[in-house]
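Contents: one structure, followed by commentary.
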2 protein chains.
Amino acid sequence: MRAFIVLGHKVPLTPNFSLNDLPGSAGRLDILCRCVTAAFCLSHGIRRDVTVYLVLQNKIVLRFEGASLRHLNPDERSTAALIQKALKAFTERTGTESESTPGIFIASGGLPQVLKRVRDEGLRIYWLHEEGAPMRQAELQPDAAFVLSDHLEFLPEEAAILDGLPRLSLGPLSLHADHCIVLAHNELDLRFGLRPPQG
Amino acid sequence: MRAFIVLGHKVPLTPNFSLNDLPGSAGRLDILCRCVTAAFCLSHGIRRDVTVYLVLQNKIVLRFEGASLRHLNPDERSTAALIQKALKAFTERTGTESESTPGIFIASGGLPQVLKRVRDEGLRIYWLHEEGAPMRQAELQPDAAFVLSDHLEFLPEEAAILDGLPRLSLGPLSLHADHCIVLAHNELDLRFGLRPPQG
């Protein structure tokens, strides 16, 4: 199992945004959509052994479960539409947990709850950080979770929660979050081989 | 210098498509947009030492020059709008070469012309191919160009043109073209370090 935990600092908590303006009115939702694509989409299929957590403003958690995920396409707009649908369901049901479309769950929560859940599932958690140890030389567990931020730096309160986790870096340049996911996947693919089931 | 040559098999040759439907009416233009983002966009800046060639149906070549590129944002829709603008300029000027926005050039042409240009500029050309040699163990030139396809396999006539180029693979799974660009960049970043100028 692999998991990616992405912190969205500006994405709205309601579905009131335009799919035509993901970088603006949707608070850089385009980044989170590309993260979902990078985490799940292969050239011909979906990585079924992956979970993605989008943590919105440390208040709402969108969980994508590869094992049951449906209707996911690689483009940003259709992924944003799935997220908008989840936020709509969450608003209408006044904040109770729900599965808005197959494999997409939305509930109240924040980074501490997600970390606890991932840890309870037996995954080793790594903090992707520009000052971390080079991933290629680092010890890695095949069952791994990675914490990333959107276009903004980790907030001091987030860094305080993550403090103590092993920090890994990917290269000499500061990269987009979705590009970091691609690199982490590839490192695990090369090190541990194909992880069935795929398709 | 680095270059990425991406073959688009279904993207229309005219600007008559909707920005709301990049995977459909625009012939999977979403893939090519993500390739442009992966090639140029860093977390805080643009890779200036990169050129991207989008080869549309082997008839039109869109060339993005990092050194002079402006108005590029990471999201798919805004990149598609720049491409649409280029196709509009090309149509109106009945096929003469033009710079539609700073750093984006459009002209008639196909894969053979692009390969000649890249070779004349002194870049070593690699064919990203699932059956290639593993990139991490391969000899690589810092001035490198990579040929990729969109969601479709290379056509027999394309494979015939590319035959003889060194083939490189990136891992055990079949990946999206933009994810391949991320991995190729990272390999060169790690091997040859930061390539100024950035910003």
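So that the names make sense, note that chain A is the first sequence line, chain B the second, and so on, each numbered from 1.
- Looking at B:His151, the atoms closer than 4.5 Å to chain A (heavy atoms on both sides) all sit in the backbone: N, CA, C or O.
- Following chains of ILVMFWY side-chain contacts shorter than 4.5 Å, one can reach B:Met1 starting from B:Leu165, so the two form part of one hydrophobic cluster.
- Open room surrounds CD on B:Glu153; 12 or fewer heavy atoms of other groups in view lie less than 6.0 Å from it.
- Your options are A:His185, A:His176, A:Arg77, A:Arg136, and the one with the most heavy-atom pairs under 4.5 Å with chain B is A:Arg136.
- Residues B:Asp189 and A:Pro172 have side chains in contact (heavy-atom distance under 4.5 Å, counting atoms from C-beta outward).
- Both the backbone and the side chain of B:Glu187 come within contact range of chain A, with heavy atoms under 4.5 Å apart.
- When the side chains of ILVMFWY residues are joined at heavy-atom separations under 4.5 Å, either directly or via intervening members, A:Leu13 and A:Leu62 end up in a single hydrophobic cluster.
- If you take CD on B:Glu76 and SG on A:Cys33, they are separated by 8.5 Å, rounding to the nearest 0.5 Å.
- Residue A:Leu190 is not grouped with residue B:Met135 when hydrophobic side chains (ILVMFWY) are merged at heavy-atom distances under 4.5 angstrom, including chains of intermediate members.
- The minimum heavy-atom distance linking B:Arg34 with A:Asp75 is given by the pair NH1-CA, 3.6 Å.
- Of all heavy-atom pairs spanning A:Val182 and B:His179, the tightest one is CG2-CD2, 3.4 Å.
- Between B:Pro23 and A:Asn73, every side-chain heavy-atom pair lies at or beyond the 4.5 Å cut-off.
- No continuous path of hydrophobic side-chain contacts links B:Val61 to B:Phe105 [ILVMFWY only; heavy atoms under 4.5 Å].
- Heavy atoms of B:Leu22 lying under 4.5 Å from chain A are absent altogether.
- Ranking A:Leu19, A:Asp21, A:Asp178, A:Leu170 against chain B, the residue ahead of the rest is A:Leu170, based on heavy-atom pairs under 4.5 Å.
- One distance of note links CG of A:Leu175 with CG of B:Leu42; it measures 6.5 Å at 0.5 Å rounding.
- Counting heavy atoms from C-beta outward, B:Ile31 and A:Pro74 have side chains that stay 4.5 Å or more apart.
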